[in-house]
2 protein chains.
Amino acid sequence: MRVRPEALKGHLDGLLLAVLENGPRHGYAIIEAVRTGSGGTFDLQTGTVYPALHRLERAGFIESRWHVIGGRRRREYELTASGRRALGDERAVWAEFAGAVSSLLGGRTWPADAS
Amino acid sequence: MRVRPEALKGHLDGLLLAVLENGPRHGYAIIEAVRTGSGGTFDLQTGTVYPALHRLERAGFIESRWHVIGGRRRREYELTASGRRALGDERAVWAEFAGAVSSLLGGRTWPADAS
DNA sequence: ACCAATAGGTAGTGATGCGATATGTAGTGG
DNA sequence: CCACTACATATCGCATCACTACCTATTGGT
């Protein structure tokens with residue numbers, strides 16, 4: 001993780017949903033997709049991802065099916081229709097959040113220096 | 001707060017430092033600057049800001065001085081040199097973080113750059 | 001006298017990502 | 001046959017940190 005760990009709080013679910021938008025994946029593959037897709041910025045721990053996946057499944061945003069491939073059990077997660085809507089919401093939230101932070105952080109000294 | 005509260009985690013300090021870059025402010029004024037500067041997205045509570053300011057002061061990123069203006073006590077916070085460096089770090093961290101999230105979320109909802 | 005706005009503050013809570021740890025299979029090197 | 005590594009899933013306790021709720025106090029308007 002090249003950024004402070006807490007920074008991800010509140011944004012993880014959206015990332016996981018976005019990865020699953022490109023087709024079903026199992027946990028390990030999701031971790032890799034996030035790592036490569038973020039250019040190495042996010043290197044999630046399994047203790048981060050699996051609880052998050054269970055949470056998303058309880059919320060009805062993803063569904064899972066067990067597979068056994070080469071004697072190795074895999075649980076594949078897939079976006080539900082509800083999850084697709086949630087992803088849309090996440091994108092809107094992110095756009096507003098990122099816009100607000102960027103405007104404050106990068107914002108050149110706006111003239112509202114009221115005194 | 002128009003975004004989920006947890007979303008701010010890990011990014012608040014940078015916003016406060018950025019506001020103080022435009023000159024010393026007291027707590028209430030900081031809250032207003034964040035609200036207007038974020039276009040209303042971030043409406044911070046006093047219980048959010050004051051502990052954060054104390055934390056930043058303990059870390060040496062800001063300094064405070066008491067004033068009494070019209071019988072009302074105000075505590076004005078000011079960026080230190082160390083805080084200015086920290087703000088630079090925060091900006092770099094935010095750029096990397098936002099880039100990674102945007103790249104994963106895919107939605108090209110967020111302006112590519114300035115220029 | 002009362003009340004809203006301003007101004008500063010603390011305590012407790014809850015959500016959640018992380019580190020550590022456990023379990024198990026499959027393949028490789030010695 | 002054993003050690004080791006990579007793959008794969010899972011759980012638990014911890015620490016962080018913003019939030020809610022609450023408190024005190026002054027000013028100025030009604």
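Lettering follows sequence order; numbering is per chain, from 1.
Taking only side-chain nitrogens and oxygens, Arg74(B) comes nearer than 4.0 Å to OP1 or OP2 of dA7(C). For the pair Gln45(A) and dG19(C), the criterion of a side-chain N or O lying under 4.0 Å from OP1 or OP2 is met. The phosphate of dT11(D) (OP1 or OP2) has a side-chain N or O of His54(A) nearer than 4.0 angstrom. Considering only side-chain N and O atoms, His67(B) lies nowhere under 4.0 angstrom from the phosphate OP1 or OP2 of dA7(C). Look at Tyr50(B) and you'll find a side-chain N or O under 4.0 angstrom from OP1 or OP2 of dG8(C).
With values rounded to the nearest 0.5 angstrom, Leu8(A) atom CG is found 6.0 Å from Leu15(A) atom CG.
Remark: Arg91(B) engages Glu21(B) in a salt bridge, criterion side-chain N to carboxylate O under 4.0 Å. Under a 4.0 Å N-O distance rule, the pair Arg85(A)/Glu90(A) does not qualify as a salt bridge.
Here Arg75(B) lies in heavy-atom contact (under 4.0 Å) with sugar-phosphate atoms only. Residue contacts shown for Gly47(B) include a base, since a base heavy atom lies under 4.0 Å away.
In this structure, Phe42(A) places its CZ atom 15 Å from C1' of dC18(C), rounding to the nearest Å. Straight-line distance from the CD1 atom of Ile30(B) to the C1' atom of dA7(C): 12 Å, rounded to whole Å. For the pair Leu16(B) CG and dG8(C) P, the computed distance is 14 Å after rounding to whole Å. Between the NZ atom of Lys9(A) and the C1' atom of dC14(D) there is a distance of 10 Å, given to the nearest Å. Atom pair Trp66(A):CH2 and dT25(C):P shows a separation of 13 Å (rounding to whole Å applied). Rounded to whole angstrom, the span from the CG atom of Asp13(A) across to the P atom of dA15(C) amounts to 13 Å. Arg55(A) places its CZ atom 16 Å from the P atom of dC12(D), with the value rounded to the nearest Å. For the pair Arg73(B) CZ and dG8(C) P, the interatomic distance rounds to 8 Å; values are reported in whole Å.
When each of Thr46(A) and Leu12(A) is assigned the nucleotide of DNA chain C with its nearest heavy atom, Leu12(A) is the one assigned upstream, toward the 5' end.
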**OP:** Could you give me the CA-CA distance, side-chain angles and deciding distance for Arg65(A) and Glu78(A), then say whether salt bridge (Lys or Arg N to Asp or Glu O under 4.0 Å) is met?
**Re:** CA-CA 8 Å; Arg65(A) 285 199 314 271; Glu78(A) 190 169 12; 3.5 Å; yes
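No side-chain donor from either of Glu63(B) and Thr80(B) sits under 3.5 Å from a side-chain acceptor of the other.
Comparing dG9(C), dA18(D), dG17(C) by their closest approach to the side chain of Leu8(B) singles out dA18(D). If you check dC18(C), dA10(D), dC7(D) against the side chain of Arg72(A), the one that comes closest is dC7(D).
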